Novice: 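If you scroll down you'll find the structure; I have some questions about it.
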Amino acid sequence: MLGWLIRRVLQAALLVLATTVIVFIGLHFVGNPIDILVSPQADSVERLRLTKALGLDLPLWRQYLRFLDGVAAGDFGISFVYGQPALRLILERMPATFELAGAAMVIAVGFGIPLGLYAGLRPESPASRLVMGASLFGFSLPAFWVGLMLIFCFAVRLGWLPSSGRGATVSILGVRWSFLTLDGLRHLILPALNLALFEISLVIRLTRAGVREVLPQTFVLFAHAKGLSDTRVIFVHVLKNILIPVITVVGMEFGSLIAFAVVTESVFAWPGMGKLIIDSINLLDRPVIVAYLACMVVIFILINLIVDILYMVLDPRVRK
Amino acid sequence: MSAKPSKANDKTFRRPGPMLTLVRSFCRSWSARACLAVMSVIVLAAVFAPWIAPQNPYDLAQISMLDAMLPPGSRSMSGMIYWLGTDGQGRDLLSAIIYGLGISLEVGVLTAIFAGIVGITLGLLAAYRGGWVDAAIMRLVDLQFSFPAILVALMLLAFMGKGIGNVVVALVVVEWATYARTARAAALVERSKEYIEAAICLAIPVHRIVYRHLLPNCLPSLIVIATIQIGRAIALEATLSFLGIGVPVTEPSLGLLISNGSNYMLAGKLWVSFWPGVALLVTVVTINLIGDRLRDVLNPRSL
């Protein structure tokens with residue numbers, strides 16, 4: 001177990017290293033690194049000075065080591081637009097994105113598992129067919145367009161919910177959270193629902209497939225034969241067995257949610273790191289782009305690692 | 001008996017070709033025929049946009065600022081009816097959608113072609129060569145799958161900038177791995193069959209075995225994947241363009257039209273982003289349904 005863990009962590013570290021090489025190559029070969037690292041407003045004297053200061057006249061391998069050095073120290077340069085360290089900008093906005101993705105995940109599991117359970121237990125009923133048809137739409141609907149339609153219905157026409165921003169926040173341990181105030185919660189509902197749309201469909205399909213697979217198995221038959229009530233069989237014996245694959249996939253999907261939050265945050269003007277990155281791309285604020293990319297890579301590798309470990313803990317068969 | 005019929009036999013009872021069989025079994029279902037009809041209308045409209053669209057929305061002589069933001073069904077100064085209304089520049093929205101469909105489909109199809117070429121070649125190579133070539137290619141595929149498509153495309157476009165060509169490049173980078181994985185899986189099954197062994201014994205050159213014998217037999221599952229991937233590429237392109245990092249303003253796809261309309265939505269003017277969205281939705285859903293139907297007909301699982 002420990003050997004596996006060490007190997008897995010080493011693998012993750014190697015992946016991070018590989019990604020820094022790719023980012024470095026991307027910076028240096030896609031465009032002129034001076035254009036990428038130096039603000040376009042700089043004049044030629046300033047450019048020359050910065051070329052020297054950034055070490056762009058050094059051989060490539062020495063430049064890579066310098067770049068690695070900066071990355072290890074968390075130094076991705078200063079944002080052209082905000083005049084602050086790029087990494088700090090990203091980290092400041094990270095809680096907002098995590099809050100949104102977390103809320104979406106709760107919605108996806110909260111709606112997806114009961115609906116999927118129902119569709120799996122009564123596959124022929126009209127309601128199940130409706131749920132499955134709706135989940136097909138959840139896969140095909142362009143999320144950003146659905147977001148706009150949600151805003152139109154609930155914010156513009158009905159005026160029930162606000163269309164943008166985070167609302168009032170409560171500060172806990174220096175991090176601001178929206179879901180602890182009523183106003184913040186009202187701001188959170190629409191974006192979280194929008195982000196969850198795809199995941200709800202996914203969880204419904206996974207749960208349904210799991211139920212269909214588990215129901216005919218002998219331990220379910222045995223549980224019934226023991227004289228257990230239907231509720232107990234379904235909620236203890238069946239649900240327990242379908243939860244492992246569902247939780248694995250949902251855990252893996254958390255990374256996708258954070259990536260896809262870029263779209264939702266743009267639609268609802270949610271001040272997370274996704275909105276920051278789109279603004280930065282449009283303003284050519286490249287240090288922020290590189291810092292965002294680095295953060296995402298680390299987040300993804302961490303999520304993969306955590307899911308792998310959870311999987312080991314949850315399913316004894318994998319441990320061998 | 002199951003061997004290839006000789007030339008003489010071929011002439012006496014000509015069996016229908018694989019394409020014809022495919023089309024026939026595809027059209028057996030009522031909903032499949034409907035999907036095919038809808039798709040034909042979409043493709044024809046997009047291809048013949050300059051002749052079908054009521055106006056050329058990018059010809060400044062044909063649009064007038066006086067007609068800006070008219071609701072659907074309004075009549076223009078010159079008597080033309082704007083069936084879906086106009087946008088902020090006074091363009092006929094129906095025409096803009098028809099032109100936009102063309103750009104969206106172009107991106108989808110170009111992506112499928114290039115990602116297909118790259119992915120299938122690497123997938124077949126991995127399956128045929130095995131060993132370290134296989135291991136290296138599949139590692140790359142795994143790496144690709146561990147990051148979500150939107151993130152990879154976003155980052156590539158952040159460095160490359162806007163443009164149809166750049167969007168296609170980014171989508172190819174995102175999608176090649178799916179083709180590679182599918183091609184490899186199908187080719188591994190085919191490779192162990194006797195006709196490949198026979199071809200090797202006949203000392204047929206490797207590239208010929210791969211492209212003339214292996215590839216045609218892997219096609220069924222690849223066709224299904226390609227169809228679904230076109231839908232995915234169109235949806236992803238729309239998302240990227242909506243975010244303002246996809247196609248340039250001069251060549252607006254459906255995503256960009258929706259993005260333009262979103263500015264007017266808070267003022268209660270829904271139609272400018274509603275109708276392009278409907279067009280996008282119908283296109284993607286139809287392509288997905290056709291892909292599902294193809295999967296049923298070709299049944300790649302039972303290969």
Side-chain angles (χ1 to χ4, degrees), chain A residues 15 18-19 22-23 25-27 29-31 36 136-137 139-149 151-153 155-157 163-164 252-253 255-263 265-267 274-275 277-282 284-286 288-290 292-293 296-297 299-301 303-304, chain B residues 139 142-143 145-162 166 231-232 234-245 254-255 257-259 261-274 276-289 292:
Chain A
L15 201 58
T19 323
I22 295 173
V23 172
I25 292 174
L27 272 173
F29 290 93
V30 173
I36 294 174
L136 193 73
F137 261 83
F139 280 129
S140 311
L141 281 169
F144 64 97
W145 183 70
V146 177
L148 290 178
M149 295 306 121
I151 291 181
F152 185 78
C153 287
V156 178
R157 268 292 143 85
S163 68
S164 65
M252 301 280 279
E253 283 293 316
S256 306
L257 275 178
I258 290 172
F260 219 80
V262 169
V263 180
E265 285 175 12
S266 298
V267 174
K275 173 131 178 45
I277 189 65
I278 292 298
D279 293 345
S280 300
I281 291 174
N282 286 328
L284 296 176
D285 194 355
R286 291 173 190 111
V288 179
I289 301 174
V290 175
Y292 173 80
L293 182 56
M296 287 307 281
V297 169
I299 289 174
F300 265 84
I301 289 169
I303 288 175
N304 277 332
Chain B
R139 255 299 121 84
D142 286 342
L143 183 70
F145 274 114
S146 63
F147 293 101
I150 180 99
L151 180 69
V152 177
L154 193 76
M155 283 300 127
L156 285 170
L157 287 170
F159 287 119
M160 292 192 298
K162 288 182 195 182
N166 290 348
R232 227 185 120 215
I234 290 176
L236 205 52
E237 180 276 323
T239 307
L240 293 167
S241 298
F242 173 78
L243 293 173
I245 52 172
L254 294 175
L257 291 177
I258 297 172
S259 168
S262 69
N263 301 326
Y264 303 105
M265 212 186 51
L266 289 178
K269 290 170 176 165
L270 180 66
W271 67 88
V272 194
S273 52
F274 180 75
V278 170
L280 178 66
L281 179 63
V282 169
T283 310
V284 174
V285 169
T286 311
I287 291 177
N288 282 348
L289 288 173
D292 277 356

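Fair warning: this is a prediction, and the values are worked out from it, not measured in the lab. Sequence lines set the chain letters: A, B, ... in the order given, protein chains first and strands last, and positions in each chain run from 1.
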Novice: May I ask you to check whether over 12 heavy atoms, not counting those of A:Phe137, lie within 6.0 Å of atom CZ?
Specialist: no

Novice: Under the criterion side-chain contact (heavy atoms from CB on, under 4.5 Å), I'd like the reasoning laid out for B:Asn288 against A:Phe139: C-alpha separation, chi angles, the key distance, then a yes or no.
Specialist: CA-CA 10 Å; B:Asn288 282 348; A:Phe139 280 129; 6.0 Å; no

Novice: With a 4.5 angstrom heavy-atom cut-off, which part of A:Val297 approaches chain B: side chain, backbone, both or neither?
Specialist: both

Novice: Heavy-atom pairs under 4.5 Å with chain A: which of B:Val284, B:Thr239, B:Ile245 has the most?
Specialist: B:Thr239

Novice: Go through the atoms of A:Tyr292 and report whether side chain, backbone, both or neither lie under 4.5 Å from a heavy atom of chain B.
Specialist: side chain

Novice: Looking only at heavy atoms and a cut-off of under 4.5 Å, which of B:Leu243, B:Leu280, B:Val285, B:Ile287 has the most pairs with chain A?
Specialist: B:Leu243

Novice: Going by heavy atoms in the side chains, are B:Leu151 and A:Val262 under 4.5 Å from each other?
Specialist: no

Novice: Could you tell me which portion of B:Leu270 (side chain, backbone, both or neither) has an atom closer than 4.5 angstrom to a non-hydrogen atom of chain A?
Specialist: both

Novice: Tell me, for A:Phe152 versus chain B, whether the close heavy atoms (under 4.5 Å) come from the side chain, the backbone, both or neither.
Specialist: both

Novice: Does any part of the side chain of A:Ile281, heavy atoms only, come nearer than 4.5 Å to the side chain of B:Leu154, both counted from C-beta?
Specialist: yes

Novice: Mind checking whether B:Leu254 and A:Trp145 have side chains closer than 4.5 Å, heavy atoms only?
Specialist: no

Novice: Which heavy atom of B:Leu281 sits nearest a heavy atom of A:Ser140, and at what distance?
Specialist: CD1-O, 4.2 Å

Novice: Between B:Val278 and chain A, with a heavy-atom cut-off of 4.5 Å, which part of the residue counts as in contact: side chain, backbone, both or neither?
Specialist: both

Novice: Name the region of A:Ser266, side chain, backbone, both or neither, that has any atom closer than 4.5 Å to a heavy atom of chain B.
Specialist: side chain

Novice: So for B:Leu143, is it side chain, backbone, both, or neither that comes closer than 4.5 Å to the heavy atoms of chain A?
Specialist: side chain

Novice: Please state whether the side chain, the backbone, both or neither of A:Leu141 comes within less than 4.5 Å of a heavy atom of chain B.
Specialist: both

Novice: Answer with side chain, backbone, both or neither: which region of A:Ile277 has an atom nearer than 4.5 Å to a non-hydrogen atom of chain B?
Specialist: side chain

Novice: Just give me the residue among A:Ile258, A:Asn304, A:Ile289, A:Val146 that pairs up with chain B most often, heavy atom to heavy atom, under 4.5 Å.
Specialist: A:Ile289

Novice: Looking only at heavy atoms, what is the nearest atom pair of A:Phe300 and B:Ser146, with distance?
Specialist: CD2-O, 3.4 Å

